[in-house]
Structures are given as structure tokens and as C-alpha cells.
Amino acid sequence: MPARTERTPVGDEFHGPEAAEMFRNSGGSGPLPGRLWHGFTLGSDDVLMEKSAPSAFFPGRCALPELLQERGIDTVLITGTVTNVCCESSARDAWTLGYRVVLIADANATGRDQDHNATLHTVYRSFGDVRSTAAVLAMLEEQVTA
């Protein structure tokens with residue numbers, strides 16, 4: 001989930017002050033569970049984290065890599081928005097850090113199909129696997145029953 005960050009002169013210059021302020025607040029405020037979409041149900045083992053960069057794996061911007069390492073997790077499933085910004089950034093950095101990466105094609109979204117599809121192609125060719133939700137659920141079910 002995006003963290004609320006400080007505005008920077010570079011961000012204001014690049015995006016313009018109004019858009020920079022919108023991006024700065026895009027993750028909302030208050031306790032993390034209350035910032036999720038109302039249809040999500042949290043499980044007792046779920047962990048919520050904030051990231052202060054497009055990538056959840058960029059060093060020093062999110063505690064996710066350390067948490068995964070502590071738990072011995074070597075594979076990440078990437079879902080979310082925006083496919084060609086945060087999701088792709090996370091996929092690239094996760095791969096660079098040595099994780100197996102699976103981008104869930106139908107559980108990512110962006111404004112234009114062509115941008116979404118270009119990212120799916122880039123990730124598949126260079127940084128990980130691309131699968132549908134149904135395919136990933138079937139693979140997970142096989143692991144549970146094996």
C-alpha cells in the first residue's frame with residue numbers, strides 16, 4: 001500500500017504541484033486495514049505494509065524484502081495497480097533481488113490495455129512468469145495436496 005510521503009521539488013517539477021499532492025496522498029491515511037478496499041477480508045496471518053516508492057522491493061522503501069527473507073519465502077505473486085508502474089517496478093526489483101516472480105495477469109490493472117499487455121510481455125520475457133489467477137490457484141492447490 002502506498003505510504004504518504006513528503007513532496008519533493010523533483011516531484012513537483014515532474015508532475016506539477018497538484019498531481020504531486022495527489023500522488024503523495026494516493027494511499028490514504030489512517031490505520032492500514034481501513035485503507036483497503038471494503039471488499040477485502042483480512043486473514044489472521046495477513047501482513048499489511050506500506051511502501052514509499054513505486055517498487056515494494058526498492059531498498060529502504062519498504063520492509064517487505066526483509067520480512068520475506070525472515071520467513072524463507074523465495075517466490076512472490078504480484079497483483080495490484082498500476083500494472084506498468086508499481087507492479088512492474090516491484091517485479092523487476094524482486095527479480096533483481098533473486099525472488100521467483102509471478103505477475104498475475106488478471107489481478108493487475110492500468111488505464112490502457114496496451115500498457116497492461118506491454119508490461120505482461122516485458123515481465124514474461126525478462127523478469128518472471130505471467131499467469132492467470134485460475135492458473136496460480138490451481139498450482140497452489142497442487143502444492144497443498146502433494
Side-chain angles (χ1 to χ4, degrees), residues 1-8 10-11 14-15 19-146:
M1 170 170 313
R4 191 165 193 266
T5 58
E6 296 301 316
R7 280 191 27 209
T8 65
V10 172
F14 185 78
H15 296 293
E21 184 65 14
M22 187 236 359
F23 284 124
R24 183 173 91 86
N25 294 300
S26 66
S29 62
L32 293 178
R35 293 163 49 191
L36 291 174
W37 180 66
H38 64 85
F40 281 142
T41 302
L42 290 175
S44 60
D45 292 336
D46 289 342
V47 177
L48 301 178
M49 303 206 135
E50 287 185 305
K51 62 184 184 70
S52 60
S55 170
F57 291 88
F58 193 86
R61 296 302 200 96
C62 183
L64 183 60
E66 292 82 6
L67 176 77
L68 296 176
Q69 187 174 33
E70 288 170 8
R71 294 177 179 207
I73 295 170
D74 64 1
T75 304
V76 295
L77 308 177
I78 297 181
T79 66
T81 61
V82 170
T83 309
N84 57 317
V85 181
C86 294
C87 302
E88 183 175 350
S89 295
S90 292
R92 288 170 178 258
D93 287 347
W95 182 86
T96 299
L97 291 172
Y99 290 94
R100 288 184 188 95
V101 173
V102 181
L103 190 70
I104 314 297
D106 56 343
N108 284 272
T110 194
R112 300 181 327 160
D113 285 346
Q114 62 198 26
D115 297 332
H116 177 77
N117 291 331
T119 292
L120 298 180
H121 179 76
T122 298
V123 169
Y124 184 72
R125 298 285 295 156
S126 302
F127 302 108
D129 201 358
V130 175
R131 301 281 180 134
S132 68
T133 299
V136 170
L137 290 174
M139 291 168 61
L140 292 171
E141 182 63 32
E142 285 177 24
Q143 291 295 316
V144 170
T145 58

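We're numbering straight along the sequence, starting at 1. From a predicted model like this one, the values you see are computed outputs, not experimental measurements.
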Next on the checklist: Could you go through L42 and L48, starting from their C-alpha distance and side-chain angles, then the distance that decides it, and tell me whether this counts as side chain to side chain contact (heavy atoms under 4.5 Å, CB included)?
Outcome noted: CA-CA 9 Å; L42 290 175; L48 301 178; 3.9 Å; yes
Checklist entry - Nearest 0.5 Å, what's the NZ-OG distance between K51 and S90? => result 5.5 Å
Checklist entry - Is D74 atom CG crowded by more than 12 heavy atoms from other residues, nucleotides or ligands, each under 6.0 Å away? => result yes
Item to check | Spatial distance of atom CG (L68) from atom OG1 (T75) [nearest 0.5 Å] | outcome: 10.0 Å
Item to check | Audit row: R131, L77, side chain to side chain contact (heavy atoms under 4.5 Å, CB included) steps and yes/no | outcome: CA-CA 10 Å; R131 301 281 180 134; L77 308 177; over 6 Å; no
Checklist entry - Rounded to the nearest 0.5 Å, what separation is found between the OG1 atom of T83 and the CD1 atom of I104? => result 12.0 Å
Item to check | Expected output: side-chain H116 to main-chain A105 donor-acceptor under 3.5 Å | outcome: yes
Checklist outcome for this item: Test side-chain contact (heavy atoms from CB on, under 4.5 Å), reference V47, set L67, L64, L32, output is L67
Checklist entry - Between W95 and V101, what is the shortest heavy-atom contact and its length? => result N-CG2, 3.7 Å
Item to check | Between CZ on residue R92 and OG1 on residue T119, distance to nearest 0.5 Å | outcome: 8.0 Å
Item to check | Nearest heavy atoms of T79 and A107, plus distance in Å | outcome: CB-O, 3.2 Å
Checklist entry - Which atom pair, heavy atoms only, marks the closest approach of S89 to S55? => result O-OG, 3.5 Å
Checklist outcome for this item: The reported gap from CZ in R71 to CD in Q69 (rounded to nearest 0.5 angstrom) is 13.0 Å
Checklist entry - For E21, does the CD atom sit with more than 12 other heavy atoms under 6.0 Å from it, leaving out its own atoms? => result yes
Next on the checklist: Restricting to non-hydrogen atoms, name the atom on V85 and the atom on P54 that form the minimum distance, rounded to 0.1 Å.
Outcome noted: CG1-CB, 4.5 Å
Item to check | Straight-line distance of D115 CG to T110 OG1, nearest 0.5 Å | outcome: 5.5 Å
Next on the checklist: For G30, is there any backbone N or O sitting under 3.5 Å from a side-chain donor or acceptor partner on R35?
Outcome noted: yes
Next on the checklist: Quick one, E88 and N108 - any side-chain contact, counting heavy atoms below 4.5 Å?
Outcome noted: no
Next on the checklist: Taking atom CZ as the centre, does R7 end up with more than 12 heavy-atom neighbours from other residues, nucleotides or ligands that are less than 6.0 angstrom away?
Outcome noted: yes
Checklist outcome for this item: Residues A94 and V76: closest non-hydrogen pair is CB-CG2, 4.0 Å
Next on the checklist: I want to check something: taking the side chain as every heavy atom from C-beta on, are I78 and V123 in contact at a cut-off of under 4.5 Å?
Outcome noted: no
Checklist entry - Do other residues, nucleotides or ligands put more than 12 heavy atoms under 6.0 Å from the CZ atom of F58? => result no
Next on the checklist: Tell me whether the rings of F57 and Y99 are parallel (<30°), tilted (30 to 60°) or perpendicular (>60°).
Outcome noted: tilted
